[in-house]
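Naming: A, B, ... by sequence-line order, numbering from 1 per chain. Excluded from the calculations below are hydrogen atoms, water molecules and symmetry mates; all remaining heavy atoms, backbone and side chain alike, are included.
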Amino acid sequence: MAIKLDKIFDSFSKKSIFKNKIVLQSNYTPETIPHRNEQIKQIAAILAPSLRLERPSNLFLYGKTGTGKTLLVQYIKKQLLERAKKQKVNLSIISINCKLKKVADTEYRILAELLRQLGEVVPATGLPSNQLYKRFVENIDKEKRLLILILDEIDEAVERIGDKLLYNFTRLNSELSRTQISIIGISNNLTFLDNIDPRVKSSLGEEEILFPPYNAIELRDILRERAKEAFKEKIDEGVIAKCAAFAAKGHGDARRALDLLRVAGELAERESKKIVSFEHIDKANEKIERDKILDFIATCPEHYKLVLQAIIQLAEKKEKFFTSEIYSVYRELCAKVKEEERTQRRVGDIIREFSMQGLADLRVISRGRYGRTDEIKLSIYPHIVVKAKEILKESFNL
DNA sequence: GTCAATTCACATGAAAGAGACCACGGTCTAGTG
DNA sequence: CTAGACCGTGGTCTCTTTCATGTGAATTGACGA
C-alpha cells in the first residue's frame with residue numbers, strides 16, 4: 001500500500017503542469033479584469049464619495065452567474081479599503097454571500113455572519129433574531145464611520161425569507177446616529193427587483209448596473225490571461241477557444257470556463273501530459289457534470305435517494321412518466337426498505353428539486369379531462385446512471 | 001358544428017408541527033475554606 | 001460560599017404534513033343552424 005501511494009505522490013509532485021493553480025479558482029481576484037472597464041468605472045464613481053465619508057448611493061448589480069459581479073465588487077472593495085487606510089478614513093466594508101448554505105441563508109444567519117465579520121462572537125443558534133439585530137445596530141453605531149454592506153446573491157435570501165430584512169437594512173440610516181450605511185446588492189436574477197416591496201426597490205436601486213454575459217471572444221481573453229499565470233506551458237489557442245465556446249454555449253459563464261480549464265489541466269496532469277489538449281476539455285466537461293450529479297446523489301437525504309431510485313427504475317421501462325407513477329414505485333420501495341413513506345406533496349417537491357439539480361426534466365402537462373400533472377424524464381447520461389445506481393444500491397444495502 | 005361550463009388529477013401555496021440543536025438564567029449540588 | 005451540573009424556557013432550522021386553492025385542456029352538454 002505504502003509503495004503504491006509513494007508512486008502516486010511521486011508522479012504528482014514531480015512535474016505539475018500548473019505554475020499557480022489558484023489563479024483558476026473562482027475566488028481568485030486577478031489584477032486586471034478584462035471587458036469590464038465600463039462597470040468598474042461606474043461603480044468606482046458611485047462609491048468614490050465614501051472616501052470623504054459621505055454616504056454613496058445604494059447600488060444594485062445584476063447579471064447572470066459568472067459575469068464578474070462578485071469579482072468586480074471584491075476588487076473594488078480591496079482598492080477602496082487600501083485607499084481608505086491611506087487617507088485614514090473610517091470606512092468598513094463587509095460582504096456576505098446570502099446563498100451559502102449554513103452560513104448566511106436565513107435572517108438569523110445573515111445577521112450572525114455580519115456580526116462575526118464585525119468581530120463579535122455569535123452562537124450559531126439559540127438567540128432571538130431581533131436581539132441580533134439590536135446588537136448589529138449597536139455595534140456599527142459605536143463610532144462614527146461609513147459602512148458599506150455587500151449582499152451577494154440577495155435574490156436567494158429574499159426568496160427564502162422575504163424582503164423584511166432588506167427593508168430594515170434600507171431604513172437603517174434613520175436608526176443610526178453616528179454611522180452611515182449603504183448597501184450593495186448583487187443578484188443573479190434579472191427580474192429580482194420587480195417583485196419586492198416598492199419601497200425597498202426604490203431605495204436599493206438608487207443606482208443599477210447590468211452585467212451582460214461574456215461572449216466567446218471575451219471569454220477567450222479572460223482564459224488566455226489566466227492561463228498564462230496558471231500554467232507553466234503556454235496553452236494552445238485552440239484549446240482556449242474550445243473552452244470559451246463551451247462556456248459561451250451556456251450563458252457566458254466565466255466561472256464555468258475557468259473550472260473547465262482547471263479540471264482539464266488536472267486531468268492532463270494525472271495523465272502525466274505536459275500540455276492540455278482538446279480531449280482533456282471534453283473529458284473535463286463530462287467530469288464536472290458527472291461529479292456534480294454524483295456528489296448530489298451521494299449526499300442527499302434518504303428519501304431523495306428512494307425517489308431517485310424510483311425514477312431510475314421507471315426510466316428503464318419507459319422514457320416519460322407521471323408523478324403518480326413515481327409515487328407508487330416509491331411507496332413500494334419504502335415498504336421494501338421499511339421506511340416510513342412521505343406524502344405525495346412532499347415527493348412532488350423532491351422531484352422538483354431533482355429537476356433544479358439537472359437530474360430530471362420536468363414539464364407540467366395537462367391531459368385535459370384526465371387531469372394535470374408533471375411529466376418527468378430522467379435527464380442524466382446512461383453512464384452516469386450506472387454509477388448513480390451503484391451509489392444508491394450501497395446506501396440502502398439492497 | 002360551436003362554445004362555454006365542467007371536470008380531473010394533480011400542482012402550487014401557506015401555515016403549522018415535530019424534533020434537533022442551542023443560549024440563557026435560575027436552581028441545586030458538592031467541594032472548599 | 002462558590003463553581004459547576006442540571007433544568008426549564010424560549011429561540012432557530014430543517015423536514016415534513018395538512019389544508020386550501022389554482023390550473024389547462026379534453027370532455028360534456030346546451031344551443032343554434
Whole angstrom value for the distance that separates C1' of C/dC13 from CG of A/L132 | 14 Å
Rounded interatomic separation in angstrom, taking CD from A/E339 and C1' from C/dC15 = 14 Å
Short side-chain N/O contact from A/S366 to OP1 or OP2 of C/dA26, under 4.0 Å | no
Base, sugar-phosphate alone, or nothing: which one does A/R352 contact when heavy atoms must sit under 4.0 Å apart?
-> sugar-phosphate
With a 4.5 Å limit on heavy-atom distance, are the side chains of A/L359 and A/L378 in contact?
-> no
Separation of A/Y370 atom OH from B/dT6 atom C1', in whole Å?
-> 14 Å
Show your reasoning for whether salt bridge (Lys or Arg N to Asp or Glu O under 4.0 Å) applies to A/E271 and A/K283.
-> CA-CA 12 Å; A/E271 291 174 11; A/K283 278 191 200 157; 3.0 Å; yes
Remember a base hit wins even if backbone is also touched, and classify A/D374 as base, sugar-phosphate or nothing at under 4.0 Å, heavy atoms.
-> sugar-phosphate
Evaluate whether atom NZ of A/K387 has more than 12 neighbouring non-hydrogen atoms of other residues, nucleotides or ligands under 6.0 angstrom away.
-> no
Give a yes or no on this: more than 12 heavy atoms of other residues, nucleotides or ligands lie within 6.0 Å of atom CD of A/E316.
-> yes
Taking atom C1' of B/dT12 as reference, at what distance in whole Å does atom CD of A/Q344 sit?
-> 13 Å
Are the side chain of A/K69 and the backbone of A/K64 linked by a donor-acceptor contact shorter than 3.5 Å?
-> yes
Can you find an N or O donor on one side and an acceptor on the other, under 3.5 Å apart, linking the side chain of A/R345 with the base of C/dT17?
-> no
Once you round it to whole Å, what is the distance between C1' of C/dT17 and CG of A/D349?
-> 11 Å
Please state whether the phosphate of B/dA9, meaning OP1 or OP2, lies under 4.0 angstrom from any side-chain nitrogen or oxygen of A/T323.
-> no
Report yes or no: do A/T323 and A/Q344 form a side-chain donor-acceptor pair below 3.5 Å?
-> no
A/L176, CG atom: more than 12 neighbouring heavy atoms under 6.0 Å | yes
Nearest-angstrom distance from the residue atom OH of A/Y133 to P of C/dT12 | 16 Å
Please tabulate, for the side chains in residues 294-302 of chain A, all donor-acceptor contacts under 3.5 angstrom to protein atoms that are two or more places apart in sequence or on a different chain.
unit_1: A/T299; atom_1: OG1; unit_2: A/D295; atom_2: O; d: 2.8
unit_1: A/T299; atom_1: OG1; unit_2: A/F296; atom_2: O; d: 3.4

Round to the nearest Å and state the distance from A/R109 atom CZ to C/dT12 atom C1'.
-> 8 Å
For A/E340, which contact category applies under a 4.0 Å heavy-atom criterion: base, sugar-phosphate, or nothing?
-> nothing
By nearest nucleotide on DNA chain C, pick out whichever of A/R372 and A/R367 is the more 5' one.
-> A/R372
Which nucleotide, C/dC13, B/dA11, C/dT28, lies nearest any side-chain atom of A/Y108?
-> C/dC13
Give each protein N/O atom lying under 3.5 Å from an N/O atom of nucleotides 20-24 of chain B, with the pair distance.
none

Nearest listed nucleotide, side chain of A/P128, among B/dC8, C/dG11, B/dC10 | C/dG11
A/R342 atom CZ is separated from C/dT14 atom P, nearest whole Å, by 17 Å
Residue A/R346, side-chain atoms from C-beta onward, closest of C/dT14, C/dT16, C/dT28 | C/dT16
Where the side chain of A/T373 is defined as all heavy atoms beyond and including C-beta, which of B/dA11, C/dT27, B/dT12 is the nearest nucleotide?
-> B/dA11
